[in-house]
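Heads up, the thing below is written out as structure tokens.
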Amino acid sequence: MSERIEISTEYITLGQFLKLSNVVESGGMVKLFLKEFEVFVNGELENRRGRKLYLGDTVEIEEFGSFTVVREE
């Protein structure tokens, strides 16, 4: 089961997502994190912190788990 990450906008960037999901503490850590860990968006390897994530997208990070982008209620 994946953890649900709620957003109130149309999309969120991968960098913002990593901060919101508490995977990284600050935006400055995102670039380094993406170099050290494999991040999969909808099953595809992704290393761009500006990648836009939309509702229903799934992010998987080994050692951190699986996350799904959902609408904030």
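Note: hydrogens, waters and symmetry copies are ignored here, and every other heavy atom, side chains too, is used. Treat the numbers as computed from the prediction; the structure is a model and nothing was measured.
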Working to the nearest 0.5 angstrom, can you tell me the gap between [X] [atom1] and [Y] [atom2]?
X     : Y     : atom1 : atom2 : result
Ser21 : Glu3  : OG    : CD    : 7.0 Å
Phe67 : Leu20 : CZ    : CG    : 10.0 Å
Glu25 : Leu18 : CD    : CG    : 13.0 Å
Lys52 : Asp57 : NZ    : CG    : 12.5 Å
Phe17 : Ile7  : CZ    : CD1   : 9.5 Å
Tyr11 : Gln16 : OH    : CD    : 8.0 Å

If every non-hydrogen atom of [X] is compared with every non-hydrogen atom of [Y], which pair is closest and at what distance?
X     : Y     : value
Glu62 : Phe37 : O-CD2, 4.3 Å
Val24 : Val30 : CG2-CG2, 3.8 Å
Glu46 : Val41 : CB-CG2, 3.8 Å
Lys19 : Ser26 : CD-C, 3.6 Å

Does [X] reach the side chain of [Y], with side-chain heavy atoms less than 4.5 Å apart?
X     : Y     : answer
Glu10 : Tyr54 : yes
Leu34 : Leu14 : yes
Thr68 : Val70 : yes
Phe33 : Phe64 : yes

* To do: Look at the side-chain heavy atoms of Ile, Leu, Val, Met, Phe, Trp and Tyr, link any pair under 4.5 Å apart, and say whether Ile12 and Leu55 land in one connected group.
  => yes
* Asked: Can Met29 be reached from Val23 by stepping across I, L, V, M, F, W or Y side chains whose heavy atoms are under 4.5 Å apart?
  -> yes
* **side-chain contact (heavy atoms from CB on, under 4.5 Å) evaluation trace for Val39 with Asn47** => CA-CA 7 Å; Val39 176; Asn47 61 7; over 6 Å; no
* Asked: Taking Asn42 for the side chain and Thr58 for the main chain, is one N or O donor matched with an acceptor at less than 3.5 Å?
  -> yes
* Asked: Is it true that Glu6 and Arg4 make a salt bridge, defined as a side-chain N closer than 4.0 Å to a carboxylate O?
  -> no
* Asked: More than 12 foreign heavy atoms under 6.0 Å from CD of Glu44: is that the case here?
  -> no
* Verify the neighbour count for atom CD of Glu72: are there more than 12 heavy atoms of other residues, nucleotides or ligands below 6.0 Å? => yes
* Mind checking what makes side-chain contact (heavy atoms from CB on, under 4.5 Å) contact with Leu45, not counting sequence neighbours? -> Glu38, Phe40
